[in-house]
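These numbers come from the heavy atoms of this one structure, side chains and all, not from hydrogens, waters or symmetry mates. A note on names: the letters A, B, ... follow the listed sequences, proteins ahead of strands, and every chain is numbered from 1.
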2 protein chains.
Amino acid sequence: MNQHKATIHDVARIAGVSRATVSRYLNGRKWVSQDAAANIKAAIEQTGYVANSHARALVTGRAGSVAFLLGEPQKLLFEDPNFAALLRAVADELGKRGVSFILMTTDDQSEAKRNLAYLQAGHVDGVIQVAWHKDSSEMLNGLVQAGIPTVIAEQPSDETLPVGYVHVEDYGGARKACEYLHECGAKHIAMIAGPAGPSGTRDRMHGFLDTVATFDDDSNAASRIAHGDYSASSGEVAMAQLLDADPDIDGVFVSSDTMAVGAIKELRTRGLSVPDDIQIIGFDDSSAAMLADPPLTTIRQPFQAIGKHLVDQLMRIINGEQPVGVTLPTELVVRDSTR
Amino acid sequence: MNQHKATIHDVARIAGVSRATVSRYLNGRKWVSQDAAANIKAAIEQTGYVANSHARALVTGRAGSVAFLLGEPQKLLFEDPNFAALLRAVADELGKRGVSFILMTTDDQSEAKRNLAYLQAGHVDGVIQVAWHKDSSEMLNGLVQAGIPTVIAEQPSDETLPVGYVHVEDYGGARKACEYLHECGAKHIAMIAGPAGPSGTRDRMHGFLDTVATFDDDSNAASRIAHGDYSASSGEVAMAQLLDADPDIDGVFVSSDTMAVGAIKELRTRGLSVPDDIQIIGFDDSSAAMLADPPLTTIRQPFQAIGKHLVDQLMRIINGEQPVGVTLPTELVVRDSTR
DNA sequence: ATGAAAGCGCTAACAA
DNA sequence: TTGTTAGCGCTTTCAT
């Protein structure tokens, strides 16, 4: 429509001020008179001016973008609906602040190397790392050593690392789940946990054990924990293990909805009904929970809020603040896999 | 590690040439001697130099980034596993070319406006638009009018629009599905189609009708088409409609795996077995297909290839080539929902 | 409160 | 084949 894109120069000319003044106005700095501000505002509207982010980045030394880094073994993570939920939340939040991002996936070792090099080259101001399925400390260390502001969506295994993190109250969520199962009449509860390693797995296991200890008849609930890798098929396998070892199980706390779907499949194969014979409670409240048959009672993770805090944290760190950890609450969502 | 990031200047100094020569080398241009090239290469390695993309963007007038634009009504699309698959493929492909992208979602009208304004402001070199669930011609027209290079992941409803597109052979895929159902012994085939509007829905319906016409006993197969919106619950509803209208159905071609999952749920509710009573074939080969119980026979969409072509196309258009349409083949994947 | 001027790191004529 | 030069659009001292 306009022959050429408007620059700060055009705005300055039309507003009858210098470029420096426009710049000050743009960046909300002091020393811009009411008059000047009004004129500039009008000029901006008239021209439809939008600052050129590259020119700005060049002079400020800030990229104006961050990386969303995915440590994804076995192509598993893209099948994990949680990932999409978090990505979406982060994208929303970033969009609101006008910072763009690049999505990097890390399938193998060599790719991890390439990614690290890219990030170290200063292409982005910071990184949001998600690695729910496996350990990621190597990448994390590389990032920290390069001095790149970083936040992660779990508790760091090494708490002394200067990275921000946000996660949900895993322990509390697990408690909530197990208590509800008990309220619904389950007497002999088992757990399908995620892969050992990430803090979330550990905390949820503690939540399960502590809760079950308060009302269980026997004392070795630990033997009723099986591990999966968050895939549906691993949930199937875990459920089979659990049942083979202890046929009296009448309730299962599953650490992800996807695994819960797998568990239900195994149960159906064995002719067991959910929730009549065995009650199931999932975790995440991902899209899989509603799709499941029966729809899953589950513990909701507030992905929107997680994304918001992740971005918030990262921006703070980029601005020089100390990284902190943020723990968000979970919420019980009752559907039909419990009585 | 290095006090300051290396610039083209440092590389030039170390290599004993001018910055212009380094620039030429970097951009693979002619007129760089073997000698110079070798020296520059060494200097780059030594310094760990990586070009500053903002400086480059500033001078070339190219953003070096594109937008991945999602027209998503009802928060549906993020529940659609196809979206994640495509996003991933596009991200991979873009990453290989060193172009970053920003992910934009469009939940409502006002957001659509904001997005369009942002894009028109020249923040990106082009856009990849995905709107499988609803019509998106408004946004598309805005993009085209602003002269922004655009590709879409479907056939444009207005074929005269200068946008590139890549999609799968919907008609052929539908034929493949229906023929296979017939081969497996289905005599009375129905279809659950997607929402009316997008070209894919129309073409798959034609594929279904034409194929069924070649072997069906009656002639009003059109009455055995129900529409869903790609959600599992819509598949459930559609399946119920179909069965209520015609209990003799023994095979269903469902236009997405997610809807097929819903359809199976309805079938189970009615005490019908898959594939013994009714055979089901899905579309997409998304993660839902493997998770389903029974695992779904389906028509695979080559998302990786779609992503690659989308990016390819977009880059060509950005470089001034004429947009074209690309149609990719589908593939039958046999699992357990057919006999 | 405002403007002049000096770059940020890079590419692209144009000379040489 | 190579170097010189002039900006790209913006922010930021430093004067005023």
*asked:* Measuring from the side chain of B/Asn27 (C-beta onward, heavy atoms only), which nucleotide among C/dC10, D/dT11, C/dT11 has the closest atom?
replied: C/dT11
*Steps toward side-chain contact (heavy atoms from CB on, under 4.5 Å) verdict (B/Ser23, B/Ile8)*: CA-CA 8 Å; B/Ser23 176; B/Ile8 198 173; 4.0 Å; yes
_Closest non-hydrogen atom pair, A/Leu314 against A/Pro149_ = CD1-O, 3.6 Å
_Spacing between A/Arg13 atom CZ and D/dG9 atom P, to the nearest angstrom_ = 13 Å
*Taking the nucleotide of DNA chain D with the closest heavy atom to each, which residue, A/His54 or A/Thr21, is nearer the 5' end?*
A/His54
_Using whole Å, what does the distance between atom P of nucleotide C/dA4 and atom CD1 of A/Ile8 come to?_
14 Å
*Counting side-chain heavy atoms from CB outward, which of D/dT2, C/dG9, D/dG9 is closest to A/Thr7?*
D/dG9
_Between P on C/dA13 and CZ on B/Arg19, what's the gap in Å once rounded to a whole number?_
17 Å
_When you measure from the side-chain N and O atoms of B/Ser18 to the phosphate of D/dG3, is any distance below 4.0 Å, counting only OP1 and OP2?_
yes
*Take the protein atom CH2 of B/Trp31 and the nucleotide atom P of C/dT11, then report the distance between them rounded to whole Å.*
17 Å
*Is a side-chain donor-acceptor pair under 3.5 Å present for A/Asp10 with A/Thr47?*
no
*Rounding to a whole Å, what distance do you find between B/His9:NE2 and C/dT11:P?*
15 Å
*Reckon B/Tyr25 touches a base, only the sugar-phosphate, or nothing at all at heavy-atom distances under 4.0 Å?*
nothing
*Go through the side-chain N and O atoms of B/His167 and B/Thr327 and say whether any donor and acceptor fall under 3.5 Å apart.*
yes
*asked:* Among C/dG9, D/dC10, C/dT11, which nucleotide has an atom closest to any side-chain atom of A/Ala55?
replied: D/dC10
_Under 4.0 Å, heavy atoms only, any strand: does A/Ala36 hit a base, just the sugar-phosphate, or nothing?_
sugar-phosphate
*Separation of atom CZ in B/Arg62 from atom P in D/dG9, rounded to whole Å*: 16 Å
*Among the candidates C/dG3, C/dG9, D/dT2, find the nucleotide nearest to the side-chain atoms of A/Leu58.*
C/dG9
*Looking for any heavy atom pair under 4.0 Å, which part of the strands does A/Ser23 touch: base, sugar-phosphate only, or nothing?*
base
*Any idea which of C/dT11, C/dT2, C/dA13 is nearest the B/Arg24 side chain?*
C/dA13
_Using the side-chain heavy atoms of B/Ser33, tell me which of these nucleotides is nearest: C/dT2, D/dT2, C/dA12._
D/dT2
*Closest to side chain of A/Val59, choosing from C/dA13, C/dT11, D/dG9*: D/dG9
*asked:* For A/Gln129 and A/Ser136, which I'm curious about, is there any donor-acceptor pair between the side chains at under 3.5 Å?
replied: yes
_Interatomic distance, A/Arg56 CZ vs D/dC8 C1' [rounded to whole Å]_ = 16 Å
*Give the rounded distance in Å between these two atoms: CG of B/Leu26 and C1' of C/dG9.*
11 Å
